[in-house]
Amino acid sequence: MQARNFINFTWAVIVIGLVFGAYFAIGELTVGGSFASNNSMVWTLPLVTYIFLALSSTGVSIVLGYGALTHKEDITGLQRHLLILSISLLIGGFVALGTELGSPLHLFWIVFSPNLTSPIWYMGTLYSIELVLLAIKLFRDLRGDHGRIDEFLTWAAVFVAIAAALMLGAVFGTVTGRVDFQGMHASILTLVTALASGAAAIVLTQPISGQPRILIDLLRGFSALMVIVLVLRWGYEMQSNIVGLQGWVNGLMIAPFLVVALFGGRLPHTASVLTAAAALWVELAFIITGQSVTLGPMSTWFGTIQEYQPNLAEFGIFVLGFAVAAALFQLGRQVWLTSSASAER
């Protein structure tokens, strides 16, 4: 009875999130222009929502691929769960991205007028391929089809997931004039953040009791890797004399990852929430700080340095992305449990 009440409560929260977010999404796609963005700061919370969900999906895919290719039974035993989780997160990210584009026509032209010199196009293409590969793997798993093609699909999914995370970083690392973005560190950051947030999503969606030790170890290890990446970046920012560099790393940002790396095994669910929240903070700080310096004559209108605060519409898209991901995950699990119960009969 308690489990059923919890499921009902979960669905109630999800439905509220869907309705709340859909209200702002419909307004953005039909009426337009409700976000706290301008011609100088064009990437805000809705895009960060996409980045967080897409990278988390990437991390889940990589962990699943690692488990399958190294024959880690504690991970391969969760294959269907992880496939549903990864697909749900990625679709939730696509919903946030589609709304952030501001018009259905924009999404249409991105797909049907590709720019082969643009990292954004390659990023979208790679994530679309990843979604197809994950869907094929899930379909085969639900049908009980397992064979040599599974290893090929696993290698392909891991390769595409890593390439997508690196390309997402390249979208920012290759931006001209934005010194807080520029460089290979952007791709390193997105890949490592994907691993940390993906591991956090896996641990968070597992039962508190009986959680495989390897998942907790991966969460702590990826958090430790985040500490290294952020400390190195922090040191670079403090010693750099590049004109216009604002710097987006601080000690408080590093602390949650350090705590999880050292003590995450004691309270895995709390550690996963802490890691996910810190990863979102990192992505938001990186994206916003990189745009905070106003370039060229636009400083007349927006000032030399901009400050950003998300508005209610942007928060609505944030909620919508997570609500869609949660709804798909819950639906997927219910379909899976129903089919498993029918098979046992």
Side-chain angles (χ1 to χ4, degrees), residues 48-49 51-67 70 72 74-75 78 81-82 85-86 89-90 93 158 161-162 164-166 168-169 172 184-238 247-289 322 325:
V48 175
T49 304
I51 291 171
F52 177 81
L53 292 171
L55 288 179
S56 298
S57 172
T58 297
V60 175
S61 297
I62 294 173
V63 169
L64 175 58
Y66 161 75
T70 57
K72 303 289 185 182
D74 285 341
I75 297 178
L78 300 173
H81 172 95
L82 298 186
L85 177 60
S86 185
L89 289 169
L90 190 50
V158 170
I162 293 174
L166 293 173
L168 196 156
F172 302 98
M184 188 180 292
H185 81 278
S187 290
I188 296 172
L189 176 69
T190 49
L191 179 58
V192 176
T193 307
L195 295 173
S197 59
I202 295 172
V203 172
L204 187 61
T205 54
Q206 291 298 305
I208 296 177
S209 60
Q211 188 146 185
R213 186 69 201 180
I214 189 173
L215 297 180
I216 300 173
D217 290 341
L218 287 174
L219 176 63
R220 296 179 65 188
F222 294 149
S223 295
L225 196 56
M226 281 294 296
V227 171
I228 295 172
V229 170
L230 292 176
V231 167
L232 291 175
R233 176 65 188 183
W234 197 19
Y236 169 79
E237 290 175 352
M238 289 190 294
W248 51 271
V249 181
N250 61 63
L252 291 177
M253 183 183 292
I254 299 171
F257 295 109
L258 183 60
V259 169
V260 173
L262 295 176
F263 309 109
R266 299 181 180 181
L267 296 170
H269 276 197
T270 302
S272 63
V273 171
L274 198 60
T275 300
L280 180 62
W281 182 10
V282 166
E283 292 161 9
L284 182 63
F286 172 67
I287 299 302
I288 298 303
T289 304
F322 280 86

Which pair of non-hydrogen atoms, one from [X] and one from [Y], has the smallest distance, and what is that distance?
{"X": "E283", "Y": "L55", "result": "OE2-CD1, 3.7 Å"}
{"X": "S56", "Y": "S197", "result": "OG-OG, 3.2 Å"}
{"X": "A201", "Y": "V60", "result": "CB-CG2, 4.4 Å"}
{"X": "S223", "Y": "T275", "result": "OG-OG1, 3.5 Å"}
{"X": "F52", "Y": "A279", "result": "CE1-CB, 4.2 Å"}
{"X": "R233", "Y": "V249", "result": "CG-CG2, 3.6 Å"}

Inset, instruction - Can you label the angle between the H185 ring and the W248 ring as parallel, tilted or perpendicular, going by 30° and 60°? - result: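 Ring orientation, 0 to 90° scale: parallel.
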Quick one, [X] and [Y] - any side-chain contact, counting heavy atoms below 4.5 Å?
{"X": "S272", "Y": "L219", "value": "yes"}
{"X": "T205", "Y": "H81", "value": "yes"}
{"X": "V282", "Y": "M226", "value": "yes"}
{"X": "F222", "Y": "I62", "value": "no"}
{"X": "I51", "Y": "F286", "value": "no"}
{"X": "I202", "Y": "I75", "value": "no"}
{"X": "W281", "Y": "L252", "value": "yes"}

Legend entry - Worked verdict on L225 versus F257 for side chain to side chain contact (heavy atoms under 4.5 Å, CB included): CA-CA 9 Å; L225 196 56; F257 295 109; over 6 Å; no
Legend entry - Listed partners of S57 passing side chain to side chain donor-acceptor pair (under 3.5 Å), at least two apart: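 Expected list: S86.
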Legend entry - Those residues that, when tested against R266, pass side chain to side chain donor-acceptor pair (under 3.5 Å) (two or more places apart):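 By the side chain to side chain donor-acceptor pair (under 3.5 Å) rule, R266 matches no residue at all.
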Between atom [atom1] of [X] and atom [atom2] of [Y], what is the distance when rounded to the nearest 0.5 Å?
{"X": "L284", "Y": "T289", "atom1": "CG", "atom2": "OG1", "value": "8.0 Å"}
{"X": "L195", "Y": "T190", "atom1": "CG", "atom2": "OG1", "value": "10.0 Å"}
{"X": "L204", "Y": "L215", "atom1": "CG", "atom2": "CG", "value": "12.0 Å"}
{"X": "L85", "Y": "L78", "atom1": "CG", "atom2": "CG", "value": "10.5 Å"}
{"X": "L191", "Y": "L168", "atom1": "CG", "atom2": "CG", "value": "11.0 Å"}

Inset, instruction - Kindly indicate, with the supporting measurements, whether the criterion side chain to side chain contact (heavy atoms under 4.5 Å, CB included) is fulfilled by D74 and R213. - result: CA-CA 8 Å; D74 285 341; R213 186 69 201 180; 5.9 Å; no
Inset, instruction - Using the side-chain contact (heavy atoms from CB on, under 4.5 Å) rule, pick out the option among L232, L230, V231 that qualifies with I228. - result: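 The residue from L232, L230, V231 that satisfies side-chain contact (heavy atoms from CB on, under 4.5 Å) with I228 turns out to be L232.
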